[in-house]
Structures are given as structure tokens and as C-alpha cells.
Amino acid sequence: MATVFQQYLDAVQANQQRMLAAQADCWRSWCQLSQPTAGTSGLIGQLDAPMMSSASVLQASADAQHDLLLVLERWFGEQQKTWLRQSPLLSAAPCALPLDLGFSGYLIASRASRQIQHFASTRFSYATLSAVRGAHHAYRKCRNNPVTPSVFYPRPAV
């Protein structure tokens, strides 16, 4: 039990440091964006750092959830091992089988949900990168053809 608690404290400390670093990076990039630019051509390039740092804040949050779920699974695994060591003494108890099935069911469901959460957070990070690439493409397209209306060059009101 003491090792699981220490793992929990280590995970919380590491995730807090990771989150603070990501937030500081995000703050720096957004503050640099608020400084005046040398024209609209540099605007799209300046948006890269804030977008990526915002994605890293979200990724740090997802990583924290992943790490804490992992520690919780380890704790339940240790509880199940303790239960199985004591089960010969408690085999006559009517709650032995349902409790063992409950432990096993929780561990299976927790592992599956942790893997799904990790996959979803990874795909979300990719979606952010894809959005930045799409913005770059749209900006270049509109800059090369200023007649085409877009977010960057709206059609003049008549």
C-alpha cells in the first residue's frame, strides 16, 4: 500500500511539473503573439507556437489522467492479490466469488478505458496539427489569389 501511495505522489508531482511547464510555454507564446507584427504575412507563422503550446497543455492534462488511472489500476491489482492470498481462509464466505469477479471486471474495464482515452488524446493532438496545416494551406491559397474571399481576405462590402 505504501508503494502505491508513493507512486501516486510521484505521478501527481511529475504531472504538476509537466502541466506548469506547458502552461508557462503557452503563456509565453500567447504574450509574444500580442506584440505588433511586421505585416499580415507573419501572422500565420506566429499562430503556430500558440496553437502547439495550447495542444501541449491539453496533452499534459490527458497524460495526467492516464498516469493516475495507471496508479489506480496498480492499487486495485495489489488489492486483488491481497484478496487472493486471503481467499483460502475466506473461501466459505458468500461474497468471495462476486468480489473476485468485481476486481477482475474493474481491472479489465479500467485498462480498456485507459487505452481508449490514450488513443483519443493522441488523435486530438493530431487534429490540432492538422488544423494548423489547414490554416497554413488556406492562408497561402488566399495570399496567392487575393480575389478569392476567405477569413484572411474577406470580400469587400458593396
Do any N or O atoms from the side chain of N15 and from the backbone of A11 form a donor-acceptor pair under 3.5 angstrom? yes

Give a yes or no on whether W30 and V57 share a hydrophobic cluster (residues Ile, Leu, Val, Met, Phe, Trp, Tyr; joining criterion: side-chain heavy atoms under 4.5 Å apart). no

Shared hydrophobic cluster for L9 and L70 (ILVMFWY, side-chain gaps under 4.5 Å): no

Side chain to side chain donor-acceptor pair (under 3.5 Å) partners for S61, two or more places apart: none

Taking the six-membered ring for Trp, are F76 and F103 parallel (under 30°), tilted (30 to 60°) or perpendicular (over 60°)? perpendicular

Separation of Q115 CD from H118 NE2 (nearest 0.5 Å): 9.5 Å

Donor-acceptor pair, distance only, cut-off 3.5 Å: does the side chain of T82 make one with the backbone of E78? yes

Would you say that more than 12 heavy atoms from the other residues, nucleotides or ligands in this model lie under 6.0 Å from the NE2 of H66, or not? yes

Contacts of S56 meeting side chain to side chain donor-acceptor pair (under 3.5 Å) (sequence neighbours excluded), chain-then-number -> none

Sequence neighbours excluded, the answer for side chain to side chain donor-acceptor pair (under 3.5 Å) partners of Q117 is Q65

OH (Y106) and CD (E73) are apart, to the nearest 0.5 Å, by 6.5 Å

Report the residues that fulfil side chain to side chain donor-acceptor pair (under 3.5 Å) with S104, sequence neighbours left out, ordered by chain and then residue number. Q80

Hits for salt bridge (charged side-chain N to carboxylate O under 4.0 Å, His left out) against R18, two or more places apart or cross-chain, chain-then-number order -> D63, D67

Nearest heavy-atom neighbours spanning S53 and C26: OG-CA, 3.4 Å

Correct closest heavy-atom pair for R114 and L69 would be CD-CB, 4.1 Å

Out of curiosity, does M19 fall in the hydrophobic cluster containing W27 (side-chain heavy atoms, cut-off under 4.5 Å, transitive links)? no

F5 with L68, same ILVMFWY side-chain cluster at under 4.5 Å: yes

The ring pair (Phe, Tyr, Trp, His ring centres under 6.0 Å) partners of Y8 (sequence neighbours excluded) come to none

